[in-house]
Protein chains: 2
Amino acid sequence: MEDTEQRILDAALRIFASEGYTGATTRRIAEEANVAEVTLFRKFKSKENLLREVLINNRSVFSSLDDLFKSFQKETDLDLETELRILGKNIAKAMRDKKKDSKRRMFMFMLFEEGRRRPEVAGALSSFLQMNIKPLSEYFELQIKNGKMRTVNSRSAAITFVSYFVYTSLLREVFGDSFLGDNDEEIERFIDIFTKGILKVEDLKNR
Amino acid sequence: MEDTEQRILDAALRIFASEGYTGATTRRIAEEANVAEVTLFRKFKSKENLLREVLINNRSVFSSLDDLFKSFQKETDLDLETELRILGKNIAKAMRDKKKDSKRRMFMFMLFEEGRRRPEVAGALSSFLQMNIKPLSEYFELQIKNGKMRTVNSRSAAITFVSYFVYTSLLREVFGDSFLGDNDEEIERFIDIFTKGILKVEDLKNR
DNA sequence: AAAGTAAGTAAGTAATTACTTACTTGCATG
DNA sequence: CATGCAAGTAAGTAATTACTTACTTACTTT
């Protein structure tokens, strides 16, 4: 067995994510980590402290938004819509494939519940969220500078973008594909709306 | 004392919303409802059954999206963007003012957690969500028919719209206004993006 | 070989929790 | 007046939970 501490942290992430903080028992976490329950308490002192350490151990929600950006950041000849389409589908792919990512998102989701009661958790959650919004925000800023995007508040654009993915990944977690249908198609439709808006083009010219 | 049963249901909604299903204790709910704990069990048999009844008792998440629509549906001369701006701000206002609405949303939020474990809860949650998405969807459909909106998938538009409001109301619940800043301004920026998209107008003409 | 360290086993504690049983009180209706 | 019903009081049960104590085992370092 490798690093006991890390194994406990990973197990805690999974159990917190699937059972919620209150629902997760230290016994269950220890079992999942293949250690004796007493070992968990020796290493982390209390359940509350364990949560804190898991928080520190898992800083980003999507395994790395930066990595997802890299896939097209070299090819400068792509138009913005195509880039976002690629980004969106990569996010969707990461959601499907990486189990750890799914757990991280559900963990983050649990933090919303816990954050309303514990200010320290809210603080940690806040920096989690910033970590996703910031690179996106900067990306949009750059697009505006490069003249590929009209002048909108880049943070609002990032929040709109993230809203969609957080919400729909939640829906998919609970309902599978029954609520939203095919992932890629749905994302294409979102990107279409996000980039072009819902108004008719002729109506736009008036402004 | 009025209707004991209803008082318990209301109390349960509040406690489930703020503590989560697992975190809510029957004792606390009874206390909140000003009844003896035993009365709760006499009326509802079990905690699980109480959840079911609360579910039935609170069907819509926003007190009524229909009401919010009414505020402009008679004035047909408004353009779509203005209408959506009004709708968005009405939603924001309802969020701020109506405590019961806030509790309902947090309750719905809790259902996401619980729904992953209990298929019946997921089912109820699904119809909750449909109840918000459907009228919006139909509204967009109508706008498309009236030529005020370009042809996009109306359900995807509704989901995009709802995503934003669910996610940001969650953020506001946890962080207050510190994360997003002024409510109305932020919503204006969202509506701007949602209606007009993020691309430059000249880029749109190429398509 | 001795000593330290990381882990396990086993048992237990005090508190909490969903839920029950048995009996009582107050009020309305026949 | 008597009967019935809705609600309360009080006490308790069995299970679970976070966490502790005391002792043991196995492996590594000196």
Side-chain angles (χ1 to χ4, degrees), chain A residues 1-57 107 110-111 113-121 124, chain B residues 1-57 107 110-111 113-121 124:
Chain A
M1 305 281 161
E2 305 273 277
D3 188 348
T4 314
E5 236 157 294
Q6 190 57 47
R7 253 171 41 238
I8 295 173
L9 287 169
D10 289 347
L13 176 79
R14 287 196 294 273
I15 303 299
F16 282 147
S18 65
E19 311 293 324
Y21 178 76
T22 319
T25 71
T26 50
R27 183 197 291 185
R28 185 74 192 75
I29 293 169
E31 189 186 306
E32 174 85 9
N34 271 314
V35 297
E37 198 182 352
V38 76
T39 305
L40 184 157
F41 281 102
R42 265 198 285 253
K43 298 262 176 198
F44 297 98
K45 284 178 115 168
S46 71
K47 187 184 173 185
E48 195 171 333
N49 193 55
L50 177 58
L51 174 65
R52 235 174 310 223
E53 301 280 345
V54 174
L55 232 44
I56 295 166
N57 203 245
F107 180 73
M110 179 223 83
L111 293 183
E113 275 234 273
E114 210 49 32
R116 279 156 54 217
R117 272 158 261 153
R118 291 234 238 300
E120 31 138 4
V121 172
Chain B
M1 306 279 160
E2 304 276 277
D3 188 349
T4 313
E5 236 157 294
Q6 190 56 48
R7 254 171 41 237
I8 295 173
L9 287 169
D10 289 346
L13 176 78
R14 287 196 294 274
I15 303 299
F16 282 148
S18 66
E19 312 292 326
Y21 178 76
T22 319
T25 70
T26 50
R27 184 197 293 186
R28 184 74 191 75
I29 293 169
E31 191 185 307
E32 175 86 7
N34 272 313
V35 298
E37 199 181 352
V38 75
T39 305
L40 184 156
F41 281 102
R42 266 197 284 252
K43 298 263 177 198
F44 297 99
K45 284 179 115 168
S46 72
K47 186 184 174 184
E48 195 171 332
N49 192 55
L50 177 58
L51 174 64
R52 235 173 310 221
E53 300 280 345
V54 173
L55 231 44
I56 294 167
N57 203 244
F107 180 73
M110 180 223 83
L111 293 183
E113 276 234 273
E114 210 49 34
R116 279 155 55 217
R117 272 159 260 150
R118 290 234 238 299
E120 32 138 2
V121 172

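In the text below, chain A, chain B and the rest are named by the order of the sequence lines, each starting its count at 1. Computed from a prediction, not measured in an experiment: that's the story for all the values here.
- Of the candidate nucleotides D/dC19, C/dA7, D/dT17, D/dC19 has the atom nearest to the side chain of A/S46.
- Along DNA chain C, the nucleotide nearest B/V38 and the nucleotide nearest A/E5 are compared for position; the residue whose nucleotide lies closer to the 5' end is A/E5.
- Following rounding to the nearest Å, A/E37 (CD) and D/dA22 (C1') show an atom-to-atom distance of 17 Å.
- If you take CZ of B/R7 and P of D/dA6, they are 15 Å apart, rounded to a whole angstrom.
- Under 4.0 angstrom from either OP1 or OP2 of C/dA6 there lies no side-chain N or O belonging to A/K43.
- Considering only side-chain atoms of A/T4, the nucleotide from D/dC19, C/dA7, C/dC19 that sits closest is C/dA7.
- Distance from the side chain of B/R42 is smallest to D/dA7 among C/dA18, C/dG8, D/dA7.
- Taking only side-chain atoms of B/R27, from C-beta outward, the nucleotide of D/dT17, C/dT17, C/dA18 with the closest atom is C/dT17.
- For A/E32 and A/R14, the salt-bridge test passes: some basic side-chain N is under 4.0 Å from an acidic carboxylate O.
- Atom CD1 of B/I29 is separated from atom P of C/dC19 by 10 Å (rounded to the nearest Å).
- The CG atom of B/N34 sits 9 Å away from the P atom of D/dG8 (whole-angstrom rounding).
- Taking atom CD1 of B/I8 as the reference point, atom P of C/dA18 lies 15 Å away to the nearest angstrom.
- Here D/dA18 is the nucleotide among D/dA18, C/dT17, C/dC19 with the atom lying nearest to any side-chain atom of A/T25.
- Put simply, CZ on A/F41 is 19 Å from P on C/dA6, counting in whole angstrom units.
- Side chain of A/T39, nearest nucleotide from D/dA18, C/dT9, C/dA7: C/dA7.
- Taking only side-chain atoms of A/A36, from C-beta outward, the nucleotide of D/dT9, C/dT20, C/dT9 with the closest atom is C/dT9.
- Proximity of A/D10 to A/Q6: side-chain heavy atoms (C-beta onward) are separated by under 4.5 Å at one or more points.
- Protein atom CD of B/E31 is 16 Å distant from nucleotide atom C1' of D/dG8, rounded to whole Å.
- Counting all heavy atoms, side chain and backbone alike, A/L55 lies closest to A/A124 at CD2-CB, 3.3 Å.
- A salt bridge links B/R118 to B/E48: one of the charged nitrogens lies within less than 4.0 Å of a carboxylate oxygen.
- Across all strands shown, B/A24 has heavy atoms under 4.0 Å from sugar-phosphate atoms exclusively, and none from any base.
- Closest to the B/V35 side chain, of the nucleotides D/dG8, D/dA18, C/dA18, is D/dG8.
- Between B/K45 and the phosphate of C/dA18, there is no side-chain N or O to OP1/OP2 separation shorter than 4.0 Å.
- Using a distance-only test at 3.5 Å, with no hydrogens or angles considered, no donor-acceptor pair links the side chain of B/K43 to the main chain of B/L50.
- Atom CG in A/L50 sits about 16 Å away from atom P in D/dT17, given to the nearest Å.
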